[in-house]
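Remember, it's 1-based here, ligands and their atoms both numbered in the order they're listed. Quick caveat: nothing in here was measured; it's all calculated off a predicted structure.
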Amino acid sequence: MHTVEPIRWTREGVVLLDQRRLPGEVLYLTYTDYRELARAIKDMVIRGAPAIGVAAAMGVALGVERSGAQTLEQLRAEFATICETLARTRPTAVDLFWAIERFKRRFAELAAAAESGGPEAIARIRTALVEEAQQVHQERREADNRIGKFGAALLPKSGRVMTQCNAGALATAGIGTALGVIRMAVQAGHQIEVLVPETRPYLQGARLTAWELHEDGIPLTLITDNMVAHFLKTGGVGAVVVGADRIARNGDTANKIGTYGIAVLAREHNVPFYVAAPISTLDLSIPSGDHIPIEERSEEEVTHLGGVRIAPNVRAAHPAFDVTPARFIAAIITERGVARPPFETSLAALAGARDEGRGARGEG
Ligand code: MRU
């Protein structure tokens, strides 16, 4: 299945599709400095939890590849700075920290195996970290395909499916999580129309999901956020499927602001609410959603629209995410299978399973 590519490793540097410009302009930017790539993550050139993870992986690889370090000790010090810089970009998406931790482990292995601290050892570490970043990207793609297959089986054969924000190819660097589920269902013959809330204030629904689905010829209707209740009550919605930025041990899920409200409304109208996310989005170190840090973004993203002021000069709030309590979630779809309540046990089982671990509650 071919989808848009938000990020690519090339010899010239890391190429990002500038998502701030969509849908008006399809512009690719090439990054050769990890500090600029970190800024691009913060500024939402690339966004969406799994794609942020891929960007962080490529950012670390880029920093090491382009480092001027002459000795292993110099490289070690620079590596720590690279990781810190990337970790300071966006606090909620746990995939960012997952990728950085993975690179720390890999770096430690490579450094321990280096016979000398000289140029050959440094060259080997550079090559290995670039390969690791490409491997992370490849794993994201494979995870999306598997999430898509497991999730498609849960969607209605016909009718409407609602999503929120953009959990598509733009957000994962694969076929998407929530949109991957929808894509796989459509490919399997489901006659689905997607209801896309615009997702104020940053409009990922209107700008990105609507663009992505339209490009792929998947039927959609764009709605404003305040139409969600109306459509869940009257609009023949058979399921809601969304992505996630961080899932706590008990299944509480942080996702784009507005998701919690949709989940509560879905429960009221007996519409199943599904979360689709890779295992890397699980944060089993925290017991519940109360421990998830919520990113506060600029007030200007609320008071302005496309650079034009739409409100008087007043204070505005912009929590970028909210937490949906696990009790509103019918299932969490991962690449290792579908977790059902109680999530404390089902998620732990999936997290402990090997990647091939179909059968560990896999329903697909
Ligand atoms: O602020 P964003 O655009 O990075 O937020 C993205 C979301 O909330 C997505 O739904 C989530 O990251 C899942 S992406 C597969």
- Task: Please check if the distance between the ring centroids of F328 and F273 is under 6.0 Å.
- Result: no
- Message: Under a 3.5 Å cutoff, is there a donor and acceptor pairing between the side chains of R246 and N255?
- Response: no
- Residues in ring pair (Phe, Tyr, Trp, His ring centres under 6.0 Å) contact with F97, at least two apart in sequence or another chain: none
- Salt bridge present between E101 and K104 (N-O < 4.0 angstrom): yes
- Item | Pair Q138-Q134, side-chain donor/acceptor within less than 3.5 Å | no
- Contact residues of ligand 1, where a non-hydrogen atom lies under 4.0 Å away: M44, R47, G48, A49, P50, R90, C165, N166, A167, A171, T172, T177, Q204, G243, A244, D245, N255, K256, F321
- Item | Donor + acceptor pair across side chains of Q135, E139 (<3.5 Å) | yes
